[in-house]
Undergrad: 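Got a structure for you, questions after.
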Protein chains: 2
Amino acid sequence: MTCPEELDPVRLLTPRAREVLDAARVVLERDGWDTLTMRSLADELGIAAPSLYKHFASKDALRTQLIALALKEFGEAVRPVTGVAALVRAYRDVAAGHPQLYRLATSGRLDRDALPPGLEDWSGSPFLEATGDPHRAQALWAAAHGMVILELDGRFPTGSAPEATWDELVTHFR
Amino acid sequence: MTCPEELDPVRLLTPRAREVLDAARVVLERDGWDTLTMRSLADELGIAAPSLYKHFASKDALRTQLIALALKEFGEAVRPVTGVAALVRAYRDVAAGHPQLYRLATSGRLDRDALPPGLEDWSGSPFLEATGDPHRAQALWAAAHGMVILELDGRFPTGSAPEATWDELVTHFR
DNA sequence: GTCTATACAAAGATAGAC
DNA sequence: GTCTATCTTTGTATAGAC
């Protein structure tokens, strides 16, 4: 289930810029955002660092594109499912599959003006559809995010949250 | 309600090191961790940056002390309350009162070997007491953390989570 | 415990040629 | 679109005197 054409953040990029973006994802997942440098990204592509500035004006512009791409893909990943339990399961899985991208897209302030208008809402709308109520949707999303991010950061004493904890969460919202 | 003496991370610091730590909190809340530098911290104290290394071996050592201090203080803040609703309320309030310290203490990996043994568990134990079950406690903590961190980061469309969303969360766990 | 001076490293970004 | 060369800034940390 793909996102509407007008929300697709990649649609205005040149082919080469998309290649750069793809390489950035690889480096991001390998190293994390803080240690992704314009140099390491250039190395991944086999070019010199200054060449990147022909495709993205700054590292921050690249970051914005990655976040927009994440909103699109995460939204697409959870959209096909039905019901709270399946939604939470899909949300957890897609985050676990792209941990650094998830972290980048969901942590810290968000520069909404730099995103395609409507993309953020579209990305979160599956929670509204699954719960049928805005506040319930927000609470479920926040709870799922809390579980995911604590699990990614290894914050649960056992190392990762037991299935029983996830089950507990789903039960409360069903 | 204070934490047990043997868990207090400050107990081994010199008086001057505590002053440095206090100044670090001020700078942290003002600027955030990423832009807290040894120079800005020294400026706050009115001394030269290299002088700080007489009190803390590295910036990372300072970070560890701040995190330990946060676990202690957050644990103390929520301990006196009784019941899920009051716990969640207290948790939200203490985080909102020290947003940067909360972020530092709860985001990213945690170097558990550098903390006083037992402090992390002690800090989280109010959730166990309020719910009476380990998985339920974990789920409630994760949900509360998700709400708090998304609120601190301005991730809810309205800017902060509506009271109705917090109420929704509490209702599910009561 | 504080200072000055300085080393050392890393990162973002620009200029201008090809 | 890519290169080389370079600028500029910033930050952690050490050495050694006072």
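The chains referred to below are lettered A, B, ... by the order of the sequence lines, with proteins before strands, and numbering in each begins at 1. Side chains are part of it too, since the values below use all heavy atoms of this structure and drop only hydrogens, waters and symmetry mates.
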Undergrad: Under a 4.0 Å threshold between the charged nitrogen and the carboxylate oxygen, would B:R25 count as salt-bridged to B:E29?
TA: no

Undergrad: Atom CG of B:L41 to atom P of D:dG11: distance rounded to whole Å?
TA: 13 Å

Undergrad: Below 30° counts as parallel, above 60° as perpendicular, anything between as tilted: where do the rings of B:Y91 and B:F127 land?
TA: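 Because their plane-to-plane angle is over 60°, the rings of B:Y91 and B:F127 count as perpendicular.
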
Undergrad: Could you tell me the separation between the CG atom of A:L45 and the C1' atom of D:dG1, rounded to a whole number of Å?
TA: 12 Å

Undergrad: Give, for atom CG of B:L128 and atom CH2 of B:W141, the distance between the pair rounded to the nearest 0.5 Å.
TA: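 Going from the CG atom of B:L128 to the CH2 atom of B:W141 covers 13.0 Å.
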
Undergrad: Going hydrophobic residue to hydrophobic residue with side-chain gaps under 4.5 angstrom, can you get from B:V26 over to B:V10?
TA: no

Undergrad: Nearest whole Å is fine: how far is D:dT4 P from A:L52 CG?
TA: 13 Å

Undergrad: Got a second to check how far A:T165's OG1 is from B:Q138's CD, nearest 0.5 Å?
TA: 4.0 Å

Undergrad: Report for the helix from C:dG1-D:dC18 to C:dC18-D:dG1: angle between first-end and last-end helix axes, five pairs each, rounded to 10 degrees.
TA: 0°

Undergrad: Rounded to whole angstroms, how far apart are CZ on A:R18 and C1' on D:dG1?
TA: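 Result: 18 Å.
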
Undergrad: If the cut-off is 4.0 Å, is B:S51 near the phosphate of C:dC3, judged by side-chain N/O to OP1 or OP2?
TA: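 The answer is yes; a side-chain N or O of B:S51 sits under 4.0 Å from OP1 or OP2.
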
Undergrad: Here's one to test your reading of the geometry: is the NZ or CZ of A:K59 within 45 degrees of the ring axis of A:W33 and under 6.0 Å from its centre?
TA: yes

Undergrad: How many Å lie between CZ on B:F56 and P on C:dT2, as a whole number?
TA: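 Atom CZ in B:F56 sits about 12 Å away from atom P in C:dT2.
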
Undergrad: Looking at A:R89 and A:D93, is there a salt bridge between them, counting it only when a charged N and a carboxylate O are closer than 4.0 Å?
TA: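 A salt bridge links A:D93 with A:R89.
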
Undergrad: Quick test: give all pairs of protein nitrogen or oxygen and nucleotides 9-14 of chain C nitrogen or oxygen below 3.5 Å, distance rounded to 0.1 Å.
TA:
residue: C:dA11; atom: N7; partner: A:R39; partner atom: NH1; Å: 3.3
residue: C:dG12; atom: OP1; partner: A:K59; partner atom: NZ; Å: 3.0
residue: C:dG12; atom: OP2; partner: A:M38; partner atom: N; Å: 3.0
residue: C:dG12; atom: N7; partner: A:R39; partner atom: NH1; Å: 3.3
residue: C:dG12; atom: O6; partner: A:R39; partner atom: NH2; Å: 3.1
residue: C:dA13; atom: OP2; partner: A:Y53; partner atom: OH; Å: 3.2
residue: C:dA13; atom: OP2; partner: A:K59; partner atom: N; Å: 3.0

Undergrad: Examine the side chains of B:R79 and B:S125 and answer whether a donor and an acceptor come within less than 3.5 Å of each other.
TA: yes

Undergrad: Going from CD on B:E168 to CZ on B:F173, what distance comes out if it is rounded to the nearest 0.5 angstrom?
TA: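 CZ of B:F173 is found 11.5 Å from CD of B:E168.
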
Undergrad: Starting at CG of A:D43 and ending at C1' of D:dC3, how long is that distance when rounded to a whole Å?
TA: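 Going from CG in A:D43 over to C1' in D:dC3 covers 14 Å.
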
Undergrad: Rounded to the nearest angstrom, tell me the gap between atom NZ in B:K54 and atom P in D:dG16.
TA: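 Between P of D:dG16 and NZ of B:K54: 12 Å.
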
Undergrad: What is the separation between atom CD on B:E19 and atom C1' on C:dT2, rounded to the nearest whole Å?
TA: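 Interatomic distance, CD of B:E19 to C1' of C:dT2: 14 Å.
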
